[in-house]
Q: 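Here it is: the structure, laid out below.
This chain uses plain numbering: 1 for the first residue, then up along the sequence. What you see is a predicted model, and the numbers here were worked out from it, not measured in a lab.
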Amino acid sequence: MSLNPVRGGLWGKALVVSLCMTAALCLAAASAHGEEITRGSVTGQTTAKGYDHPNQYMHLRPQQIAPNMEPVMQHLDQEKQARQKLADLEKRIGKKPNILIFIMDDVGWMDPGFSGGGEAVGNPTPNMDRLAQNGLVLTSAYSTPSCSPTRATIHTGQTPLHHGLLRPPMYGEPGGLDGAATFPQALQKLGYVTQGVGKWHMGENQGSLPQNVGYDDYYGFLSVSDMYTEWRDQYFNPEIALSPSRFALMKKMPFNHNNVHCSKSDKKQCRDVYEINLTTITNLDQDWAGYSEKFIRKMAGSDKPFYLYHATRACHFDNYPNSTYAGKSPARTVYSDGMVEADDILGRLVKALEETGQLDNTIIFFTSDNGPECEVPPHGRTPFRGCKGSSWEGGVRVPTFVYWKGMIKPRRSDGIFDLADLFNTAISLAGAPGAQAAQFVPKTHYIDGIDQTSFLLADQGESNRRSRIYTMNQFFSGLRIDEFKTNFIVQLQKAIYQKGYTGGFSGAIVTATGGVTMNNLYTDPQEDVSIGIRHIPMAVIMGAEADRYRQVLKKYPPVTKIGFDGK
Ligand code: CA
């Protein structure tokens, strides 16, 4: 900055005004600077030209590409560059690219090393860091506030308000994807082999089973880690584990208690492989890693491209590391041991891709399904406000990178990426870019995702997304454009309970606004100072964008498949 004569002049003047303590000193300083200061303001006229920055779109309007799709910031040059890269690769390899989504559970933005955690928080993540450093780190990638809503958002390309999984189904509650149009179904139609491994948690009823919503094969559990073990553990739940009657009740609860195998050859059910209990849980991530490795090696000889969804058990509570990983993290907590194990597993999958010659043709997408769960320690970390369960940044800003050897230029970008964009981007990579995604869903299905292929692949790619829609439970809760975020509905972490570990699900949800509650995420990532009144010019544009999405919700009304208050 000091090299800029104009800026240097302004800063010099500001320094003179702020540092001089007496009139004599002021005069001396002003004189030394060759200017006289009489009365007025340092923020008077300027000759500074100012700067526009990439990924800032407040002043622009996106383009509507289909009636049932979110509008897009189009970048024709980067689109052309990305398409050329894809065409060149396809010519060389002879098939469309493979897609690997590696999704972790309840891992916070600051848990992996590539976004400030790693060694600094006692769980080194060398594999994640190496891939991130050689890929594109997305510093503003967004999940929903919790597990199932995010996973359904990825699969349907919709916000929870549109896909209807407003919260996770627990202990056999009905509801799930249930026949929704998903991107794995589209990939099947585009000639892909589709494999899922690990945590499902998008419904256990027949219509929601993986093989009925786009997976050729699925190996994992149908719900979430704690459901299999917390009632068995006499430390966490002695009220159940040490009551024979209650324990018997839990054994009979109508959810599948097993690690299962699902195949498209059997639409009715998944086959039980083994019961998940306090012993088998310790090896689950290793078992799943082995399954994914085997799949990758099997696909090496195939003339078809593959899509692999690897959803880890770690690091959702409760973590039970096996003897190899117990204490392996310098933090020695079961959570951090889970991070270390998951990092090893990611490394194994990449190694399998490398050894079989498939790394060049595989895009690897790493993320987490929500921010840290702060009510059950030890848990993840975030530098932002709030936790899992809320739409404060901490609940929904997730550690994310995309790695593709030779195809993605190593860099970091704060362009906005919503995990709903994976829906469009995967379909685009498979050969149906932009508005073509709409052909894979009913006309009543609103696609909240955006094709981000050119953002990822062009060397200086920018986000194709102008705004980010925040949801929480059944609410449209906030909106981001550029560095500005406005919150309409917020979760107050300590509004109900002052003691203990409070977090997303134990706070109060309140209508926030006294008119203009807005934050600048660059100057105030903790979202604790409202700048709405100071920035009314921006707040008005934000309000118009919120109104646009409210119109979308009128035309494509919210649905509830798993909701609140008994619905
Ligand atoms: Ca989760």
Side-chain angles (χ1 to χ4, degrees), residues 103-106 146-148 151-152 165 167-178 195-213 215 217-292 309-322 334 338 341 369 373 376 561-562:
I103 183 166
M104 296 200 64
D105 200 348
D106 289 9
S146 67
C147 311
S148 307
R151 289 159 200 265
L165 279 74
R167 65 168 175 84
M170 298 300 293
Y171 290 99
E173 289 178 309
L177 283 179
D178 215 3
Q195 174 71 58
V197 176
K199 175 183 177 177
W200 179 244
H201 214 187
M202 286 178 280
E204 296 191 29
N205 58 312
Q206 193 178 329
S208 300
L209 292 177
Q211 69 269 40
N212 296 328
V213 287
Y215 286 92
D217 188 276
Y218 201 96
Y219 183 76
F221 61 47
L222 294 175
S223 194
V224 50
S225 200
D226 53 304
M227 252 175 61
Y228 303 98
T229 55
E230 64 184 356
W231 47 276
R232 298 174 186 274
D233 193 313
Q234 69 173 27
Y235 180 77
F236 298 133
N237 269 303
E239 298 89 341
I240 299 171
L242 298 180
S243 158
S245 303
R246 290 174 180 176
F247 189 77
L249 171 76
M250 294 307 299
K251 288 276 278 185
K252 286 183 195 156
M253 286 282 265
F255 67 94
N256 192 309
H257 290 56
N258 298 281
N259 188 41
V260 298
H261 180 229
C262 320
S263 166
K264 66 177 176 184
S265 61
D266 185 355
K267 299 274 186 194
K268 285 191 177 164
Q269 62 201 345
C270 299
R271 185 173 57 83
D272 295 346
V273 182
Y274 52 81
E275 186 183 60
I276 302 168
N277 53 40
L278 292 171
T279 302
T280 57
I281 191 98
T282 65
N283 203 46
L284 210 48
D285 267 321
Q286 291 299 312
D287 186 19
W288 292 348
Y291 202 90
S292 282
Y309 176 77
H310 188 96
T312 64
R313 187 217 57 75
C315 293
H316 195 292
F317 71 90
D318 298 294
N319 291 284
Y320 295 94
N322 60 36
V334 291
E341 181 173 6
D369 66 344
E373 159 56 74
V376 185
K561 286 183 175 174
I562 303 167

Q: Among residues at least two apart in sequence or on other chains, which ones pass side chain to side chain contact (heavy atoms under 4.5 Å, CB included) with Met170?
A: Pro168, Glu173, His201, Val224, Asp226, Met227
Q: Which residues satisfy the ring-ring contact (aromatic ring centres under 6.0 Å, His included) test with His310, sequence neighbours excluded?
A: Phe102
Q: Kindly write out the residues that satisfy salt bridge (charged side-chain N to carboxylate O under 4.0 Å, His left out) with Lys267, not counting sequence neighbours, or none if the list is empty.
A: none
Q: My understanding is that only residues two or more places apart in sequence, or in another chain, count here; which of them pass side-chain hydrogen bond (donor to acceptor under 3.5 Å, both in side chains) with Asp285?
A: none
Q: Disulfide bond (SG atoms under 2.5 Å apart) with Cys270: which residues, sequence neighbours excluded?
A: Cys262
Q: Where do Arg151 and Tyr309 come nearest, in terms of heavy atoms and distance?
A: CG-OH, 3.5 Å
Q: Please report the interatomic distance CZ(Arg313) to NZ(Lys199), rounded to the nearest 0.5 Å.
A: 10.0 Å
Q: For Asp178, enumerate each residue passing the side-chain hydrogen bond (donor to acceptor under 3.5 Å, both in side chains) test, keeping only those at least two apart in sequence or located in another chain.
A: Asn205
Q: Does Asp105 use its side chain to pair, donor to acceptor, with the backbone of His316 at less than 3.5 Å?
A: no
Q: Considering all heavy atoms of both residues, which atom of Ile562 and which atom of Pro174 are nearest to each other, and what is their separation?
A: CG1-O, 4.0 Å
Q: Does the side-chain contact (heavy atoms from CB on, under 4.5 Å) test come out yes or no for Asp106 and Cys147, once each step is laid out?
A: CA-CA 8 Å; Asp106 289 9; Cys147 311; 4.0 Å; yes
Q: List the atom of Glu230, the atom of Phe236, and the distance in Å for their closest heavy-atom pair.
A: O-CB, 4.4 Å
Q: So, taking the atom named CG in Leu209 and the one named OG in Ser263, what distance separates them when rounded to the nearest 0.5 Å?
A: 12.0 Å
Q: With sequence neighbours excluded, tell me which residues meet side-chain hydrogen bond (donor to acceptor under 3.5 Å, both in side chains) with Tyr320.
A: Asp233
Q: Let me confirm one number: the CD-CD distance from Gln211 to Gln206, rounded to the nearest 0.5 Å.
A: 8.0 Å
Q: Is a donor on one side and an acceptor on the other found under 3.5 Å between the side chain of Trp288 and the backbone of Tyr291?
A: no
Q: Closest approach of Pro169 and Ser223, non-hydrogen atoms and distance?
A: O-OG, 4.2 Å
Q: Looking at residues at least two apart in the chain, or sitting in another chain, which of them share a side-chain hydrogen bond (donor to acceptor under 3.5 Å, both in side chains) with Tyr219?
A: Asn259, Asp287
Q: Which pair of heavy atoms, one from Met104 and one from Cys315, lies closest together, and at what distance?
A: CE-SG, 3.9 Å
Q: Counting C-beta onward and ignoring hydrogens, is there a side-chain heavy-atom pair between Ser225 and Ile276 closer than 4.5 Å?
A: no
Q: Does anything in residues 269-278 form a salt bridge (Lys or Arg N to Asp or Glu O under 4.0 Å)? List the pairs, not counting sequence neighbours.
A: Arg232-Glu275, Lys251-Glu275
Q: OG1 of Thr312 to CD1 of Ile103: how many Å apart, nearest 0.5 Å?
A: 8.0 Å
Q: Check for a donor-acceptor pair, side chain of Tyr274 on one end and backbone N or O of Val260 on the other, with a separation under 3.5 Å.
A: no
Q: Under 3.5 Å, side chain of Ser208 to main-chain N/O of Leu177, donor-acceptor pair present?
A: yes
Q: Taking all non-hydrogen atoms of both residues into account, name the closest pair between Leu165 and Lys561 and its distance.
A: CD1-CD, 4.2 Å
Q: Roughly how far, to the nearest 0.5 Å, is OH of Tyr218 from CG of Asn212?
A: 14.0 Å
Q: Under the side chain to side chain contact (heavy atoms under 4.5 Å, CB included) rule, collect the residues that match up with Asn322, sequence neighbours excluded.
A: Thr282, Asn283, Gln286, Thr324, Tyr325, Glu341
Q: Can you tell me how far the CG atom of Leu222 sits from the CG atom of Asn256, to the nearest 0.5 Å?
A: 5.5 Å
Q: Could you list the residues that satisfy side chain to side chain contact (heavy atoms under 4.5 Å, CB included) with Lys252, not counting sequence neighbours?
A: none
Q: Where do Val213 and Trp200 land on the side-chain contact (heavy atoms from CB on, under 4.5 Å) test, with the steps shown first?
A: CA-CA 12 Å; Val213 287; Trp200 179 244; 3.6 Å; yes
Q: Please list, one pair per line, the donor and acceptor atoms closer than 3.5 Å that link side chains of residues 239-246 to other protein atoms, with sequence neighbours excluded.
A:
{"unit_1": "Ser243", "atom_1": "OG", "unit_2": "Arg246", "atom_2": "N", "d": "3.2"}
{"unit_1": "Arg246", "atom_1": "NH1", "unit_2": "Glu239", "atom_2": "O", "d": "2.9"}

Q: Verify side-chain contact (heavy atoms from CB on, under 4.5 Å) between Leu284 and Tyr228, making sure each step is shown before the conclusion.
A: CA-CA 12 Å; Leu284 210 48; Tyr228 303 98; over 6 Å; no
Q: Taking the six-membered ring for Trp, are Phe255 and His257 parallel (under 30°), tilted (30 to 60°) or perpendicular (over 60°)?
A: parallel
